[in-house]
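A quick write-up on the structure given underneath.
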There are 2 protein chains.
Amino acid sequence: MLTRPPAEIGMPLEAVDTPALLLDLEAFERNLRHLADAIADQPVRLRPHAKTHKCPMIARRQMALGAVGVCCQKVSEAEAMVYGGVSNILVSNEVVGAPKLHRLAALAQQAQMYVCADQAQNVADLNDVALAYNVQLAVLVEVNVGANRCGVEPGNPALGLAQQIDTAPGLRFAGLQAYHGGAQHIRDFQQRREAIATAVESVHHTRNILQQHGLECELVTGAGTGTYPFEAASHVYNELQAGSYVFMDADYAKNLAADSTPWHEFEHSLFIYATVMSRPNNEWAVVDAGLKALSVDSGLPLVYGAAGVEYSRASDEHGKLVFHDASHPLRVGDKIRLIPGHCDPTVNLYDWYVGIRNQRVEALWPITARGALL
Amino acid sequence: MLTRPPAEIGMPLEAVDTPALLLDLEAFERNLRHLADAIADQPVRLRPHAKTHKCPMIARRQMALGAVGVCCQKVSEAEAMVYGGVSNILVSNEVVGAPKLHRLAALAQQAQMYVCADQAQNVADLNDVALAYNVQLAVLVEVNVGANRCGVEPGNPALGLAQQIDTAPGLRFAGLQAYHGGAQHIRDFQQRREAIATAVESVHHTRNILQQHGLECELVTGAGTGTYPFEAASHVYNELQAGSYVFMDADYAKNLAADSTPWHEFEHSLFIYATVMSRPNNEWAVVDAGLKALSVDSGLPLVYGAAGVEYSRASDEHGKLVFHDASHPLRVGDKIRLIPGHCDPTVNLYDWYVGIRNQRVEALWPITARGALL
């Protein structure tokens with residue numbers, strides 16, 4: 001990595017250069033423990049999604065608290081995890097094209113790899129490359145449970161593909177991938193629960209059909225931070241893929257709890273540290289964190305712990321803050337924390353986490369899967 | 001850089017792995033020449049913005065066609081340019097905080113550095129660090145000409161700051177930074193022209209006041225791809241900062257020309273190369289390029305050269321394509337080009353340009369200022 005870290009171990013927080021990706025280690029650790037505890041009595045394993053954090057140091061922390069491995073979305077992301085000591089990985093996605101198939105099969109020589117498929121030709125390609133590399137790939141059928149993205153339809157279409165996998169000499173049928181992405185950010189608790197209830201029903205139905213044809217599902221996997229309690233209690237899913245729970249972004253903070261109050265199950269642990277670089281008048285200020293320092297696809301960031309200030313506009317390298325009160329004391333050189341709108345693509349803009357405890361830099365963790373697109 | 005390039009020199013385009021950042025070298029070269037030719041008879045120099053491309057290989061191409069140097073938004077971006085052989089740089093932005101000030105002054109020992117200021121304390125800090133490093137920093141006063149972001153107001157506020165710079169022993173007053181960001185994407189030609197006419201007037205006024213007080217402006221700089229002809233013809237601005245013209249993104253393509261037809265002055269040269277990874281039915285397909293492969297802050301990407309297909313939704317690692325016609329032949333494994341909505345933050349997601357000529361990979365250029373946030 002060419003970019004130098006914005007901090008040094010031992011530095012006080014105020015000395016960290018900006019923009020920096022701050023990780024509040026205590027909030028982060030509470031989030032990890034909370035999810036581990038919340039599912040301890042449920043018939044599910046946790047396989048958190050590494051697409052959120054892209055960092056083997058975090059993956060190994062999750063596994064130390066009971067996670068069985070991680071999910072990745074890209075083969076190159078999985079490579080970064082294996083390089084960082086993680087050896088049980090579900091690529092919760094289709095892998096298409098010769099270069100990626102070769103990399104996947106080669107990786108399966110180093111680690112336990114699971115991968116998804118939703119199409120007959122892709123299953124044939126997976127089989128060919130597995131045989132060429134003398135590995136057996138564990139393949140899940142991806143089922144569309146409402147996200148309307150990848151995946152075959154539940155029921156017989158899933159059965160047909162599972163049978164093809166089961167009879168392919170280089171492959172092993174390993175279960176069902178059934179992630180309902182669209183349900184994660186349904187604000188209303190009941191509607192969120194209903195969306196997953198529908199998904200559970202179609203997965204249950206599909207799993208039963210497979211069983212009737214002699215096909216057992218080692219993994220029935222899905223769920224995100226917004227819906228995990230429902231899948232965990234379903235007795236159909238046996239693995240959860242939640243990722244964002246480690247950080248809790250501003251978008252997830254808009255979800256509502258069962259009593260329609262704001263949902264506070266996880267704490268904000270991830271922040272963009274930014275410096276006020278201009279305060280031309282009483283109405284606004286400008287910070288040094290814009291579109292290249294935070295992703296605005298799911299809304300603008302929130303200003304943390306600062307009443308009467310709003311992040312109102314992002315340009316490439318600037319963020320504009322507006323004040324409700326013209327006498328707000330924020331001035332040039334002051335540093336603030338922003339809660340990113342969407343954690344995953346924001347993390348992907350940085351090479352380093354700056355881990356903070358007691359207002360001091362305690363960790364610098366490289367984000368080794370940053371930019372792992374292939 | 002940990003990420004491997006998605007291609008090799010000599011490879012046919014179809015073999016490039018995805019997502020990849022493609023550069024159509026012929027369109028790119030025509031864009032470079034077009035702007036150089038368009039301003040050849042105007043009383044302005046070109047100092048293109050490197051925040052767009054973040055690549056010294058491109059900066060040096062621009063300079064070979066007459067550009068006097070480049071603009072950068074960040075000190076670390078400027079460092080990457082100096083490492084890559086560019087030695088005349090305007091940081092068209094305020095630089096705040098000790099670590100960045102030290103890096104700026106140290107860089108001024110290696111290259112001609114200009115920087116902007118909009119506040120008295122920052123001028124004092126620039127002076128201190130210049131003296132400490134035994135360099136003279138060239139400082140421009142940033143003037144707010146309608147962007148309502150950084151900058152002092154035109155006229156006397158600019159004069160006061162210019163005088164402070166002029167009398168500071170470590171600094172040299174070098175002119176005015178007057179960029180009207182908000183005007184670049186005004187769709188209507190006349191409105192765009194009027195916005196810049198107003199900016200030109202206030203810069204002219206300010207320059208005259210400075211002259212009356214014995215302060216000459218070596219640089220009067222601003223302009224972007226959307227407005228450059230107006231500043232170029234103003235006889236007030238003497239440098240242009242256009243950046244996006246090298247690539248021409250989908251957002252700029254929404255601007256209108258003088259006759260209210262679509263504005264076609266520059267060609268799309270930058271593309272996201274993506275693979276269809278799922279085609280579950282006749283209604284939609286999924287490509288492997290989502291929020292981590294393209295920035296959607298200024299709208300979704302366009303599908304290049306493919307009629308009847310629309311990129312309808314981006315999630316982290318997926319892009320959903322919808323078809324106007326259910327019989328569309330696109331299938332799993334096919335590769336398409338996407339025109340990014342906004343080039344600058346999209347480029348910042350990649351480590352490599354894959355330069356293409358005659359459907360073959362001819363260049364792999366590292367994006368060395370990718371992630372240069374500090």
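Below, read A as the first sequence line, B as the second, and so on, with proteins coming before strands; counting in each chain starts at 1. Below, each value reflects all heavy atoms present in this structure, side chains not excepted, and no hydrogens, waters or symmetry copies.
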Quiz item: How long is the span from the CD atom in A:Gln241 to the CG atom in A:Leu90, to the nearest 0.5 Å?
Solution: 6.0 Å
Quiz item: Checking B:Ala274 against chain A: side chain, backbone, both or neither under 4.5 Å from a heavy atom?
Solution: neither
Quiz item: Got a sec, which residues hit side chain to side chain contact (heavy atoms under 4.5 Å, CB included) with A:Asp297, two or more places apart in sequence or on another chain?
Solution: A:Ser295, A:His342, A:Pro345, B:Leu291, B:Val296
Quiz item: Sequence neighbours excluded, which residues qualify as side chain to side chain contact (heavy atoms under 4.5 Å, CB included) partners of B:Glu283?
Solution: B:Asn281
Quiz item: Taking the six-membered ring where the residue is Trp, are the ring centres of A:Tyr252 and A:His185 under 6.0 Å apart?
Solution: yes
Practice problem: Considering only NZ, NE, NH1 and NH2 on the basic side and carboxylate oxygens on the acidic side, decide whether B:Lys100 and B:Glu94 come within less than 4.0 Å. | Solution: no
Quiz prompt | B:Cys343 vs B:Thr52 side-chain heavy atoms within contact, under 4.5 Å | solution = yes
Quiz prompt | Residue A:Val95 versus chain B: region with a heavy atom under 4.5 Å | solution = neither
Quiz item: With only heavy atoms counted, which part of B:Lys320 is less than 4.5 Å from chain A, the side chain, the backbone, both or neither?
Solution: side chain
Quiz item: Does B:Glu317 pair with A:Lys74 as a salt bridge, N-O distance under 4.0 Å?
Solution: no
Quiz item: Who in residues 115-126 of chain B is close to chain A, using a strict under-4.5 Å heavy-atom cut-off?
Solution: B:Asp118, B:Gln119
Quiz item: Any idea which of B:Asn148, B:Val96, B:Val276 has the most non-hydrogen atom pairs under 4.5 angstrom with chain A?
Solution: B:Asn148
Practice problem: Select all residues of residues 11-19 of chain A having any heavy atom within less than 4.5 Å of some heavy atom of chain B, and report them by number, or 'none'. | Solution: A:Asp17, A:Thr18, A:Pro19
Quiz item: So what's closer than 4.5 Å to chain A heavy atoms on B:Val152: side chain, backbone, both or neither?
Solution: neither
Quiz item: With a 4.5 Å limit on heavy-atom distance, are the side chains of A:Leu338 and A:Tyr311 in contact?
Solution: yes
Self-check item: Interchain contact, B:Arg331 with chain A, by part (heavy-atom threshold 4.5 Å)
Solution: neither
Practice problem: Identify which part of B:Asp316 has an atom lying under 4.5 Å from any heavy atom of chain A, answering side chain, backbone, both or neither. | Solution: side chain
Quiz item: Between B:His318, B:Met277, B:Glu142, which residue shows the highest count of heavy-atom pairs closer than 4.5 Å to chain A?
Solution: B:His318
Quiz item: Of B:Lys54, B:Lys51, B:Arg103, which meets salt bridge (charged side-chain N to carboxylate O under 4.0 Å, His left out) against B:Glu77?
Solution: B:Lys54
Quiz item: So, is the end of the A:Arg149 side chain (NZ or CZ) under 6.0 Å from the ring centre of A:Tyr179 and within 45° of the ring's axis?
Solution: no
Quiz item: Parallel, tilted or perpendicular: which fits the ring planes of A:Phe247 and A:Tyr353, with parallel below 30° and perpendicular above 60°?
Solution: tilted
Quiz item: Side chains of A:Arg4 and A:Trp352: closer than 4.5 Å at any heavy-atom pair?
Solution: no
